[in-house]
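Here is the structure we will look at.
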There are 2 protein chains.
Amino acid sequence: MNHKTVSLADQVFERLESDILLGKYPRGQYLTELALVEDLGVSRTPIREALRRLEQEHIIEVSTRGILVLGVTSEDLADIYAMRLEVEPMVAARAATAATEEELSELREMLELQRYYVGRHDSDRIKYMDSCFHELLYRASHSTVFFDTLLPLHKKVQKYRKASVENESRADKSLSEHSEILSAIEKRDPAAASAAMRAHVQNAKNHIVK
Amino acid sequence: MNHKTVSLADQVFERLESDILLGKYPRGQYLTELALVEDLGVSRTPIREALRRLEQEHIIEVSTRGILVLGVTSEDLADIYAMRLEVEPMVAARAATAATEEELSELREMLELQRYYVGRHDSDRIKYMDSCFHELLYRASHSTVFFDTLLPLHKKVQKYRKASVENESRADKSLSEHSEILSAIEKRDPAAASAAMRAHVQNAKNHIVK
DNA sequence: TTTCTGATGATTGTATACAATTATACACAA
DNA sequence: TTGTGTATAATTGTATACAATCATCAGAAA
């Protein structure tokens with residue numbers, strides 16, 4: 001397992017990113033470093049370093065008045081899906097040629113877990129497995145550019161994906177779409193992987209973007 | 001003009017980002033915070049905040065041994081162009097419907113400057129005007145998602161664009177391609193803007209990626 | 001009442017001291 | 001020579017004190 005120690009700054013970043021992207025802090029709210037110091041029990045230094053990263057991801061905006069929560073708007077959501085629709089197929093195609101056997105095995109395992117939780121209607125886990133599947137795919141493309149671009153975009157839509165995975169028929173469909181993507185990658189067929197991914201993102205988009 | 005005061009952390013970020021992306025620090029070199037303190041004459045605090053942002057952009061990597069310079073590899077370069085080839089046309093199309101008259105006027109002005117410097121064979125200025133034109137376009141799409149995604153990618157290719165703008169025929173061609181893109185946007189024709197941009201990125205890619 | 005001005009408080013920006021971890025060099029033994 | 005252990009130095013991680021800026025509110029003048 002990965003026993004690498006995680007700095008306080010990293011922990012603060014992940015906590016704040018998750019809280020904001022899940023909507024715990026609404027867009028427009030102001031936070032202050034001092035309030036975060038009290039809430040999180042760490043000094044300003046790691047908090048400020050986390051804030052710089054969130055600022056870089058355009059999730060917050062810092063001014064002299066405080067920390068403005070930006071989050072993800074529905075316009076952002078539409079743009080993210082427009083972009084993923086073009087780029088994720090490229091990633092799938094790349095993964096079809098670049099993925100190692102170990103990565104394929106991880107993807108298979110992730111798909112099995114997703115199948116299990118879809119059967120149990122555990123929507124939180126379904127959402128988590130979905131995230132992991134896509135992240136593994138980004139990694140399997142062996143392209144830092146694709147990974148660095150797509151991972152933040154995928155994280156930003158998590159709040160909106162919640163309703164989607166709670167819909168049983170969509171959860172079933174999504175599972176079979178993942179399965180089709182993985183099959184194409186296992187066959188080392190970039191064109192098929194690309195097409196399957198494109199269909200998957202298009203369906204997800206139709207289901208989520210209003 | 002924009003008289004907004006820029007923090008030391010911002011200045012350090014821009015300086016380091018520029019130095020690394022222009023190749024002043026080669027990939028694989030280790031820096032230390034202390035050395036940067038002496039070089040830049042500021043304390044570790046703003047330096048560390050800048051480093052967190054560079055880390056987020058995957059330009060450096062920090063370990064206990066020091067700050068590892070990653071920069072942009074030729075594999076990154078190919079992936080960036082593959083991605084820009086799909087996404088920039090969407091941005092151009094969006095700008096064709098979303099750009100304000102003021103933004104169009106800024107784009108026209110930028111194009112005139114580029115024309116001027118192409119005439120004078122001033123490659124540094126040509127490169128700068130080229131960057132500005134694309135950045136204005138990202139902004140004119142009125143999409144933070146497109147802007148935040150494409151601007152870092154465009155910045156990352158600047159080192160490789162240098163040779164390109166020094167080639168006279170390519171500089172001429174690039175200028176006329178920009179002009180065609182802007183014309184389509186002025187006519188509020190998204191499809192034409194998209195096609196013109198696609199051709200432009202494809203040509204740039206052919207010229208730069210080996 | 002409205003508007004301006006000044007003081008005060010709140011908030012972020014920066015520097016520095018200290019802690020903790022880890023790489024490195026050196027001595028010493030096998 | 002090679003390996004090993006230990007001490008030392010180098011480096012990042014964190015906390016905190018202080019500086020600077022800006023928003024806010026009270027109060028006075030028009």
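The figures that follow rest on heavy atoms only: side chains count, while hydrogens, waters and symmetry mates do not. Below, read A as the first sequence line, B as the second, and so on, with proteins coming before strands; counting in each chain starts at 1.
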Interatomic distance, A/Phe13 CZ vs D/dG13 P [rounded to whole Å]: 15 Å
Whole-Å gap separating C1' (D/dT12) and CG (B/Leu68): 15 Å
CZ (B/Arg125) with more than 12 external heavy atoms under 6.0 Å: no
Whole angstrom value for the distance that separates C1' of C/dA15 from CZ of B/Arg48: 14 Å
Euclidean distance, atom CG of residue A/Asp10 to atom P of D/dT14 [Å, nearest integer]: 8 Å
N/O (side chain, A/Arg65) to phosphate O (OP1/OP2, D/dC22) under 4.0 Å: no
Contact summary for A/Ile185 and A/Ala92, nearest pair of heavy atoms: CG1-O, 4.0 Å
Worked check of side chain to side chain contact (heavy atoms under 4.5 Å, CB included) between A/Leu22 and A/Lys162: CA-CA 9 Å; A/Leu22 288 174; A/Lys162 192 175 184 323; over 6 Å; no
Distance below 4.0 Å between A/Ser43 side-chain N/O and D/dT14 OP1 or OP2: no
A/Glu49/B/Arg48 ion pair, N-O < 4.0 Å: yes
Length of the CD-P vector between B/Glu38 and D/dT11, whole Å: 10 Å
Touch class at under 4.0 angstrom, heavy-atom based, for B/Thr45 against every strand present: base
Protein-nucleotide distance (A/Glu33, atom CD; D/dT16, atom C1'), rounded to Å: 13 Å
Geometric class of the A/His200/A/His134 ring pair [parallel <30°, tilted 30-60°, perpendicular >60°]: parallel
Sugar-phosphate only, base, or nothing, as touched by B/Leu31 at under 4.0 Å among non-hydrogen atoms: sugar-phosphate
B/Arg53 CZ - C/dG13 P separation (whole Å): 11 Å
Upstream residue (5' side of DNA chain D) when B/Gly66 and A/Arg44 are each assigned their closest nucleotide: B/Gly66
First of A/Pro46 and B/Val62 reached from the 5' end of DNA chain D, by closest nucleotide: B/Val62
Nearest-angstrom distance from the residue atom CG of A/Leu8 to P of D/dT16: 12 Å
